[in-house]
Amino acid sequence: MSDAWRATLYLSAYFFAFGMQLPYLPVWLADVRGLDGAAIAAAVFGAALGRIVTGPIITLWAEARPWRIAAAGLSLASAAGYAALLFAPHPVAIALAGFATLSIVHAIMPLGEAALLQATRSGLGPSFGFGRALGSVVFVGGVLLGGVAIDRLGSNSLVPLLIGFSLATAALALLAPKTPLATGVKRGPWIRFKAGMKVFTQPSLRLMLFAIAPVQASHAFYYAFSAVIWREQGASGALTSLLWGMGVVTEILLLAFAVRLPAWATPERLILAGAAGGLIRWSWMGLQPDFMTAFALQLLHGLSFAATFLGTVRLVERDAPPEERAAAFAFQAALATGAFTGVIGLVAGPLYDAAGVRGYWAMAGLCAFATFIAILMTRRSASNFPVLAR
């Protein structure tokens, strides 16, 4: 088995558990632990806010050892974190357990993607886009299983299932590639941190942060409260899982066929498409559409998330030095989709308590700003890369 398939296998196992956690952990916190919107936001998004610190620390730890060992350690730690979340005695303890657990869970994604990108450069096995798309397919499986489990076993079944699947992912990590994520001269943590941050002094990558951060953060309200809102509209767990799954369909298609995108689909234009898609999506979701319309709007996830993500990956791959790409992925996740998403996520709780479904309109405002920045990026790209801009 090639390293590309090994990396894909581990990342897919991670995404299965992540598919159960992302939509339904807020439901578990509301039903089983009795938390309100603000407390749910603190438990779910405190870790995102802390990623500006925890992300680089976990990355430095993971880069210092073979990816197989790092992947197994992170998955075992996430299982232990879910166990702590299960037994935390009061809301403050729940928030602390959520911070520790989700700090680890969210750190695995950019590191696993960096490992997959590194493994696919040999040309043996699947491409990065195919491997990442397969992860999204498995993510849908996790979403569907989570919805069925809540319907048939009750909300209290969720976290025990997450513990079990995290342990299974740790076992599959033993098949992950042995190759370290960082190659070349060994450097101390502070020097490594500064080198990774220096990547973002490049104008293209710095503008990228300002564009992708609002778009990815705009998903915070959706991640935290979409399942809660749909349940209040009368949706079952199965219907909620289908709505979430529909959102990932276009994500899968875009990632699977990413290698066939034409040359004019530059990273900057992909990010612009993601920002515009988010603007349309959240503006309409704030009107609390019926379920058929919601299914159609979920297709825009292929733009608001997948196009933004793919544009980010391609921009980092194009403009960051090879030896700094793992750090660049982790740091952009910590700064853009971490700290900023954490801030918006913490605001999303009181926003939901005060405005309900209309909180989506604040997310549309974030995407409007991101669209403006992405237009600037696209114009700059047309000047610097005129052949690709045609």
message: Using the ring-ring contact (aromatic ring centres under 6.0 Å, His included) criterion, which residues pair with Phe15? Sequence neighbours excluded.
response: none

field: ring-ring contact (aromatic ring centres under 6.0 Å, His included) against Phe225, all qualifying residues, sequence neighbours excluded
entry: Phe221, Tyr352

task: Check whether Val347 and Val215 end up in the same hydrophobic cluster, where Ile, Leu, Val, Met, Phe, Trp and Tyr are linked by side-chain heavy atoms less than 4.5 Å apart.
output: no

task: Would you kindly confirm whether Leu134 and Tyr14 end up in one hydrophobic cluster when ILVMFWY residues are joined by side chain heavy atoms under 4.5 Å apart?
output: no

On a heavy-atom basis, which atom in [X] and which in [Y] lie closest, and how many Å separate them?
| X | Y | result |
| --- | --- | --- |
| Ala364 | Trp282 | N-CB, 3.7 Å |
| Gly131 | Leu116 | C-CD2, 3.9 Å |
| Val140 | Gly245 | CG1-CA, 4.0 Å |
| Thr308 | Ala275 | OG1-N, 4.3 Å |
| Phe369 | Pro214 | CD2-CG, 3.8 Å |
| Leu172 | Ala13 | CD1-CB, 3.5 Å |

Is the backbone of [Y] close enough, under 3.5 Å, to the side chain of [X] for a donor and an acceptor to pair up by distance?
| X | Y | result |
| --- | --- | --- |
| Tyr24 | Ala227 | no |
| Thr101 | Gly98 | no |
| Trp361 | Ser283 | yes |
| Asp151 | Gly237 | yes |

Between [X] and [Y], does any side-chain donor sit less than 3.5 Å from a side-chain acceptor?
| X | Y | value |
| --- | --- | --- |
| Arg6 | Ser2 | no |
| Arg281 | Gln298 | yes |
| Thr250 | His301 | no |
| Trp244 | Ser226 | yes |

task: List the steps and the verdict of side-chain contact (heavy atoms from CB on, under 4.5 Å) for Phe16 and Phe139.
output: CA-CA 5 Å; Phe16 187 83; Phe139 174 88; over 6 Å; no

Interatomic distance, [X] atom [atom1] to [Y] atom [atom2] [nearest 0.5 angstrom]:
| X | Y | atom1 | atom2 | answer |
| --- | --- | --- | --- | --- |
| Met285 | Leu300 | CE | CG | 10.0 Å |
| Ile280 | Leu297 | CD1 | CG | 9.5 Å |
| Leu351 | Leu346 | CG | CG | 12.5 Å |
| Thr8 | Phe128 | OG1 | CZ | 9.5 Å |
| Thr240 | Arg231 | OG1 | CZ | 8.5 Å |
| His219 | Leu366 | NE2 | CG | 11.0 Å |

Pair up each side-chain donor or acceptor in residues 70-82 with any protein partner under 3.5 Å, not counting sequence neighbours, and list the distances.
{"residue": "Ser75", "atom": "OG", "partner": "Tyr10", "partner atom": "OH", "Å": "2.8"}
{"residue": "Ser75", "atom": "OG", "partner": "Ala71", "partner atom": "O", "Å": "3.2"}
{"residue": "Ser78", "atom": "OG", "partner": "Ser75", "partner atom": "O", "Å": "2.6"}

query: side-chain hydrogen bond (donor to acceptor under 3.5 Å, both in side chains): which pairs involve residues 153-172, sequence neighbours left out?
result: Asp31-Ser155

Salt bridge flag under 4.0 Å for residues Arg314 and Glu268: no

field: Heavy-atom side-chain proximity of Thr312 to Gln216 below 4.5 angstrom
entry: no

- prompt: Got a sec: does the CZ of Arg358 have more than 12 other heavy atoms crowding it under 6.0 Å?
  reply: no

Show which side-chain atoms of residues 85-96 pair as donor or acceptor with protein atoms under 3.5 Å away, not counting sequence neighbours.
{"residue": "His90", "atom": "ND1", "partner": "Val92", "partner atom": "N", "Å": "3.4"}
{"residue": "His90", "atom": "ND1", "partner": "Ala93", "partner atom": "N", "Å": "3.4"}

message: The test is side-chain contact (heavy atoms from CB on, under 4.5 Å); show your working for Phe257 and Phe130 and say whether it passes.
response: CA-CA 7 Å; Phe257 294 98; Phe130 181 87; over 6 Å; no

message: When you measure from the centre of the six-membered ring of Phe309, is the NZ or CZ of Arg132 closer than 6.0 Å and no more than 45° off the axis?
response: yes

- request: Report the C-alpha distance between Ser136 and Glu251 in whole Å, list the side-chain angles of each, state the deciding distance to 0.1 Å, and finish with yes or no for side-chain hydrogen bond (donor to acceptor under 3.5 Å, both in side chains).
  value: CA-CA 7 Å; Ser136 295; Glu251 172 188 331; 2.5 Å; yes

Side-chain donor-acceptor distances from residues 289-296 under 3.5 Å, at least two apart:
{"residue": "Asp290", "atom": "OD1", "partner": "Met292", "partner atom": "N", "Å": "3.2"}
{"residue": "Asp290", "atom": "OD1", "partner": "Thr293", "partner atom": "N", "Å": "2.8"}
{"residue": "Asp290", "atom": "OD1", "partner": "Thr293", "partner atom": "OG1", "Å": "3.0"}

